[in-house]
Amino acid sequence: MTGMKRGLMMALLLLASSGGQASERDGFLQHQYRSQCLAFAEDPAGFRQHLTAGALPQVPDALVRQLLMGQDHAQGWALAYQGRREYVLVLSQDEQRCAIIARYADAGHTLDWFEQLVATPPLGYTVERLMPTEGDRRHAGDAQVRRWVWHGPDRVLEHSLMASENDDVPIQAILSLTLMMKIE
């Protein structure tokens, strides 16, 4: 098991007990981010291949573009929660970004577990909290934005969360992980 895998597993185990406070939907969202996007960070090409060969229904490209506000070059898969497709897993074609788009999320609980997860990186990684940029704030509107970076020996993982407390918005949370490999 690589150091990255061992560290990610430790991060997952540390947070397993904190999910009991959140609603079932928030627990589902947390599980999806940890099991999908953190697995993606370990092996992006292998993860995509696993998804392509798997049973998750793929979201039409036009809908993915709409969810991403016109951005192309991404594929999406529906993540069913209690039989409803209220969550979408999105992978960029360049193998650098994984995102979970959530129709429903409790902003408070989501912000709490996200902060706990990203503040405790795997062994061999250092953590840095980033302040939201002007672009983040403009794009987010009244939603809250959190950004953190894990610096590792061969990669950098940027985690971001945009969460809205407004029940009337079509998307209440977008969690994303951007992977940047270090060139030696």
Side-chain angles (χ1 to χ4, degrees), residues 1-44 47 67-68 74 79 81 87-92 94-165 171-182:
M1 183 180 288
T2 68
M4 170 79 171
K5 281 186 183 175
R6 192 174 15 259
L8 290 175
M9 291 302 294
M10 289 300 295
L12 294 176
L13 292 174
L14 285 173
L15 288 174
S17 61
S18 68
Q21 306 166 10
S23 71
E24 287 182 31
R25 278 193 169 119
D26 295 314
F28 177 81
L29 180 58
Q30 180 180 13
H31 173 74
Q32 293 304 318
Y33 186 73
R34 293 183 333 197
S35 64
Q36 306 287 358
C37 290
L38 292 181
F40 162 83
E42 179 65 30
D43 179 14
F47 185 76
L67 290 170
L68 298 176
L79 301 171
Y81 171 76
Y87 301 87
V88 176
L89 168 66
V90 177
L91 299 181
S92 65
D94 63 7
E95 306 292 356
Q96 292 183 327
R97 180 166 289 180
C98 174
I100 307 286
I101 299 172
R103 168 61 191 107
Y104 298 105
D106 179 291
H109 283 130
T110 302
L111 290 163
D112 287 346
W113 70 253
F114 182 80
E115 294 271 331
Q116 289 175 21
L117 172 67
V118 297
T120 311
L123 282 174
Y125 284 77
T126 59
V127 64
E128 176 186 4
R129 184 177 186 151
L130 302 175
M131 299 312 315
T133 65
E134 183 60 36
D136 290 335
R137 288 188 290 275
R138 194 172 36 251
H139 178 70
D142 66 350
Q144 296 187 49
V145 176
R146 300 289 190 274
R147 294 175 59 225
W148 292 73
V149 175
W150 290 351
H151 298 276
D154 66 341
R155 63 191 72 208
V156 175
L157 304 175
E158 182 178 326
H159 304 268
S160 66
L161 166 65
M162 183 171 42
S164 176
E165 295 177 358
I171 297 172
Q172 286 188 307
I174 299 175
L175 297 100
S176 69
L177 181 143
T178 302
L179 169 65
M180 295 160 277
M181 298 303 289
K182 293 181 179 177

In short, Val88 meets Leu79 closest at the heavy-atom pair C-CD1, 4.3 Å
For this session: State, yes or no, whether a side-chain contact exists between Leu161 and Ile174 at a heavy-atom distance under 4.5 Å.
Result: no
Passes side chain to side chain contact (heavy atoms under 4.5 Å, CB included), Tyr104 versus Tyr81? Steps please. CA-CA 11 Å; Tyr104 298 105; Tyr81 171 76; over 6 Å; no
Does one side chain, of Gln144 or Glu165, offer a donor that lies under 3.5 Å from an acceptor on the other? yes
Check: Would Cys37 and Ile100 satisfy side chain to side chain contact (heavy atoms under 4.5 Å, CB included), going step by step from the backbone distance to the final call?
Finding: CA-CA 8 Å; Cys37 290; Ile100 307 286; 4.1 Å; yes
- Arg97 versus Thr178, side-chain donor and acceptor atoms under 3.5 Å: yes
(Q) Could you tell me if the side chain of Val149 sits less than 4.5 Å from the side chain of Leu130, heavy atoms only? (A) yes
Taking the six-membered ring for Trp, are Phe114 and His159 parallel (under 30°), tilted (30 to 60°) or perpendicular (over 60°)?
perpendicular
Handout entry: pair Leu89-Cys98: side-chain heavy atoms closer than 4.5 Å
Key = yes
Those residues at least two apart in sequence (or on a different chain) that pass ring pair (Phe, Tyr, Trp, His ring centres under 6.0 Å) with Tyr87 are Phe28
Worksheet item: Less than 4.5 Å apart, any side-chain heavy atom of Pro44 and any of Leu179?
Response: yes
By salt bridge (Lys or Arg N to Asp or Glu O under 4.0 Å), Arg146 pairs with (sequence neighbours left out) Glu115
### Query
How about Thr126 and Trp150: do any of their side-chain heavy atoms sit closer than 4.5 Å?
no
Measure the shortest side-chain to side-chain distance between His31 and Leu29 over non-hydrogen atoms and say whether it is less than 4.5 angstrom. no
ask   = Just wondering, do Gln36 and Phe47 contact through their side chains at under 4.5 Å, heavy atoms?
value = yes
Before giving the answer on side chain to side chain contact (heavy atoms under 4.5 Å, CB included), spell out for His151 and Glu128 the whole-Å C-alpha distance, their side-chain angles and the decisive distance to 0.1 Å. CA-CA 8 Å; His151 298 276; Glu128 176 186 4; 2.9 Å; yes
The reported gap from OH in Tyr125 to OG1 in Thr120 (rounded to nearest 0.5 angstrom) is 15.0 Å
Run the side chain to side chain contact (heavy atoms under 4.5 Å, CB included) test on Arg147 and Glu158 for me, step by step, so that the C-alpha distance in whole Å, both residues' side-chain angles and the decisive distance to 0.1 Å come before the verdict. CA-CA 7 Å; Arg147 294 175 59 225; Glu158 182 178 326; 2.9 Å; yes
| Heavy-atom check, side chain of Glu95 versus side chain of Phe40, under 4.5 Å | yes
The complete set of salt bridge (Lys or Arg N to Asp or Glu O under 4.0 Å) pairs with one or both residues in residues 100-110, sequence neighbours excluded, reads none
